[in-house]
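A short write-up of the structure that comes next.
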Amino acid sequence: DQQVKQNSPSLSVQEGRISILNCDYTNSMFDYFLWYKKYPAEGPTFLISISSIKDKNEDGRFTVFLNKSAKHLSLHIVPSQPGDSAVYFCAASAVYSGGGADGLTFGKGTHLIIQP
Amino acid sequence: DTAVSQTPKYLVTQMGNDKSIKCEQNLGHDTMYWYKQDSKKFLKIMFSYNNKELIINETVPNRFSPKSPDKAHLNLHINSLELGDSAVYFCASSQGLAGGAETQYFGPGTRLLVL
């Protein structure tokens, strides 16, 4: 049962345009969401995160939007650059009522290809 | 200066062997994790340790045993390797603050192939 879904396995965008990557989740206990970028043969690199008390977080060219009622988040990259070509993973975690570390639940990833 | 490092990067071995993967983090974090990325590319949590104590132990065969000699290291021992253990194993760490919601930082991965 996939609790975090990225329904687009791949996305092709022209350089300079906006890239929009989508993610849906089913577990209403999730309250912290992250995006990771992964190049081949490397580990996932943290990109940006958002907690459930916000609906938007921006960091340079990257913006994450959270719609809690729809259980949907998206990552916007603008303008897209060739170096952005990678696999992007959406991840989520839930805070235990007593606090404590939680494993991340990952989506399957979206392969973003930036075309010159 | 690598924050989360794993050794070896590649591991090819025969079925039935016992092998270990090492992980070290120099971020001063209190919590470390092991994830498995299978052939379908899903990244799944296996274990989590906070200050050398096991916090999360997902449904993983008991052939897999994590060992944390100190909070900067979390090694993964795998006994009696099976073909299905072939995957990429990622180590990660986070600060481990109370509250749970925090960013995890990943190592480069260990590509295990069982023949």
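Being a predicted model, the structure only gives us computed values, none of them experimental. Within every chain, numbering begins at 1; the chains are lettered A, B, ... in the order of the sequence lines, protein sequences first and strands thereafter.
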Practice task
Would you please say whether a donor-acceptor pair under 3.5 Å links the side chains of B:T13 and B:N17?
Solution key: yes
Problem - Leading residue by heavy atom contact count with chain A [cutoff under 4.5 Å; candidates B:K41, B:R111, B:K44] - result: B:R111
Problem - A:A41, part contacting chain B, at a heavy-atom distance under 4.5 Å - result: both
Problem - Verify same cluster id: A:L21, A:I18 (apolar side-chain graph, 4.5 Å) - result: no
Exercise for the section: Say whether A:D24 and A:H72, considering side chains only, have a donor N or O and an acceptor N or O under 3.5 Å apart. Expected result: yes
Problem - Exercise: do B:N50 and B:T31 side chains pair donor with acceptor under 3.5 Å - result: yes
Exercise for the section: Name the orientation class of the two ring planes belonging to B:Y35 and B:Y33 (parallel below 30°, tilted from 30 to 60°, perpendicular beyond 60°). Expected result: tilted
Exercise for the section: For A:S85 and A:Y39, test the side chains for any donor-to-acceptor distance below 3.5 angstrom and give the result as yes or no. Expected result: no
Exercise for the section: Tell me, for B:Q6 versus chain A, whether the close heavy atoms (under 4.5 Å) come from the side chain, the backbone, both or neither. Expected result: neither
Problem - Any donor-acceptor N or O pair under 3.5 Å, side chains B:H29, B:S94 - result: no
Exercise for the section: Give the member of B:F90, B:F47, B:Y105, B:F106 that has the highest number of heavy-atom pairs under 4.5 Å with chain A. Expected result: B:F106
Handout entry: Aromatic ring proximity, centroids under 6.0 angstrom, A:H76 and A:F65
Key = yes
Fill in the blank from the handout: Ordered numerically, the heavy-atom neighbours of chain B under 4.5 Å found in residues 106-116 of chain A are A:F106, A:K108
